[in-house]
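What follows is one structure encoded as structure tokens, with my remarks underneath.
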Amino acid sequence: MRQVSIEGIRDFDLDHIFDCGQAFRWNRRPDGSYAGIAGRRIANLRFDPCQQGGRLILSNVTDEDFNGFWKDYLDLGRDYGAIKKELAAKDPVIGRAIGAGQGIRLLRQDKWETLISFILSQNNHIPRIKKCIEALCCQFGEKAGQLDGEVYYTFPAPETLACLEPEDLVECRLGYRAKYLIGTARKVAADGLERLETMGAPDVSAAEAFEYVTSFPGVGPKVANCILLFSMGKYDCFPVDVWMKKVMNDLYGLESVKEISDFAGRTYGSYGGIAQQYLFYYVRQISRRQSADPLTLENRRK
DNA sequence: TGCCAGGCAAGCC
DNA sequence: GGCTTGCATGGC
């Protein structure tokens, strides 16, 4: 199989990247590799860490694909080591979270797919969000190809979803989010997909992009910030969900969303969104450990 | 078995 | 403008 191998990659860990709630169409294989789809491109990623920077092996990928797409998608051009240093220098507490998710990278994902995916994320668990999205792609996407015996489907286009009615979506089990999805698809189709795409341009401010994406039904401040951060390169955005409320309360004693957002802007600056991902991964890791280990202090008190 | 999740919109004051 | 409530669903 066609394959690309890249040496000397630092600040990179597949579990951290694909298990930090930013992308929903990647799955861990028993060998520790991840298989997934982006656009029409299907790939398997494997990473062998080593002291001097590890080796990333991308299967089902050509050199042309790597240079023209995957390099940017995986954000390999960014120096996360420098960002981590900068964040740690600004704030003494975040070092713990950076240590937990040291290999996180923010994927540069498709804007339309991210918009719909995070509409489906609201008041939902990550494993179930993945199921909803797979059902949607399987039913309304196009067959993109096959890898290791598994068939992959593209994310359905705006026009495809725009002409659906809620009853067409019952099998996807989206719940009350189905009507938001249809309303948003219709508005994207009416506005033209280009309008959404232009929001990712560097000269479009986060505030302007925020205003546009919150005009879609089912998109409030939290979902909007996720879209801006995960698909539009607005790295100062700081999405606050229930996990972030918990970790920001535990670490800094902050309570309200406004308190948390203000603190983040003040403290982490232009890389607040990246700080947010380390914190998100950290608090979820702690939570998982506690539920896996009944002898932790918190559980013993019960 | 309930509780809860990468929240939002609508209705209240 | 801030606060409360209803919401579909299923993983844990």
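Throughout, a chain's letter reflects where its sequence line sits, starting with A, and its residues are numbered from 1.
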* Asked: So with a 6.0 Å cut-off around NZ of A:Lys85, is the heavy-atom count from everything else above 12?
  ->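 Atom NZ in A:Lys85 is not packed in, count stays at 12 or less.
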With 3.5 Å as the limit, what N/O pairs link the protein to nucleotides 9-12 of chain C?
from	atom 1	to	atom 2	distance (Å)
C:dT9	O2	A:Arg128	NE	3.4
C:dG10	OP1	A:Arg173	NE	3.0
C:dG10	N2	A:His125	ND1	3.1
C:dG11	OP1	A:Lys131	NZ	3.0

With a 4.0 Å cut-off on heavy atoms, is [X] in touch with a base, just the backbone sugar-phosphate, or nothing at all?
X	result
A:Cys172	nothing
A:Ile119	nothing
A:Phe24	nothing

Nearest whole angstrom, please: distance from the [atom2] of [N] to the [atom1] of [X].
X	N	atom1	atom2	result
A:Lys245	B:dG6	NZ	P	13 Å
A:Leu181	C:dC7	CG	P	20 Å
A:Arg284	B:dA5	CZ	P	10 Å
A:Leu106	B:dG6	CG	C1'	13 Å
A:Lys246	B:dA5	NZ	P	11 Å
A:Asp19	B:dG6	CG	C1'	13 Å
A:Ile260	B:dG6	CD1	C1'	13 Å
A:Ile129	B:dG7	CD1	C1'	11 Å

[atom1] atoms of [N] and [M], separation to the nearest Å:
N	M	atom1	value
B:dG11	C:dA8	P	15 Å
B:dG6	C:dC3	P	24 Å
C:dG6	B:dC3	P	16 Å

What closest approach, in Å, do [X] and [Y] show between heavy atoms, and which atom pair accounts for it?
X	Y	answer
A:Ser59	A:Met1	CB-SD, 3.9 Å
A:Phe210	A:Leu228	N-CD2, 3.8 Å
A:Asn27	A:Lys130	ND2-NZ, 3.2 Å

Q.
If you only use heavy atoms from C-beta on, which nucleotide in C:dA8, B:dG7, B:dG6 is closest to the side chain of A:Lys179?
A.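 That would be C:dA8.
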Q) Taking A:Ser287 for the side chain and A:Val283 for the main chain, is one N or O donor matched with an acceptor at less than 3.5 Å? A)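 Not a single qualifying donor-acceptor pair exists.
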Requested in this report: Tell me, please, whether A:Tyr235 has A:Arg78 positioned over its six-membered ring: NZ or CZ under 6.0 Å from the ring centre and within 45 degrees of its axis?
Outcome: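 Yes.
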Discussion item. Could you check whether A:Asp48 pairs with A:Arg55 (Lys NZ or Arg NE/NH1/NH2 to Asp/Glu carboxylate O, under 4.0 Å)?
Written reply: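 Judged by the 4.0 Å cut-off on N to carboxylate O distance, A:Asp48 and A:Arg55 do form a salt bridge.
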If the threshold is 4.0 Å, N to carboxylate O, is there a salt bridge linking A:Glu150 and A:Arg29?
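Looking at A:Arg29 together with A:Glu150, the answer is yes, because their closest N to O distance falls below 4.0 Å.
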request  = Check the hydrophobic clustering (I, L, V, M, F, W, Y; side-chain heavy atoms under 4.5 Å; chains of links allowed) and say if A:Phe140 and A:Phe24 are grouped together.
outcome  =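 Result: yes, single cluster for both.
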Range-with-range stems for DNA chain B, at least three Watson-Crick or G-U pairs under 3.5 Å: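 Listed by first number, the stems are B:2-5 with C:9-12, B:7-13 with C:1-7.
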Expected string for nucleotides 8-13 of chain B under the B/S/- scheme (protein heavy atoms, under 4.0 Å, primed atoms plus P, OP1, OP2 as sugar-phosphate) is SS----
message = Does the structure show A:Phe280 stacking with B:dG6, if we require the centres to be closer than 5.5 Å and the planes to be within less than 30 degrees of parallel?
response =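 Answer is yes, a stack.
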Worksheet item: Relative to each other, are the rings of A:Trp70 and A:Trp26 parallel, tilted or perpendicular (30° and 60° limits)?
Response: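 Perpendicular, since the angle between the ring planes exceeds 60°.
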Any donor-acceptor N or O pair under 3.5 Å, side chains A:Ser33, A:Asn44: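 A:Asn44 and A:Ser33 do have a side-chain donor-acceptor pair below 3.5 Å.
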For residues A:Phe230 and A:Phe118, establish whether the separation of their ring centroids is below 6.0 Å.
->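 Yes, ring centres under 6.0 Å apart.
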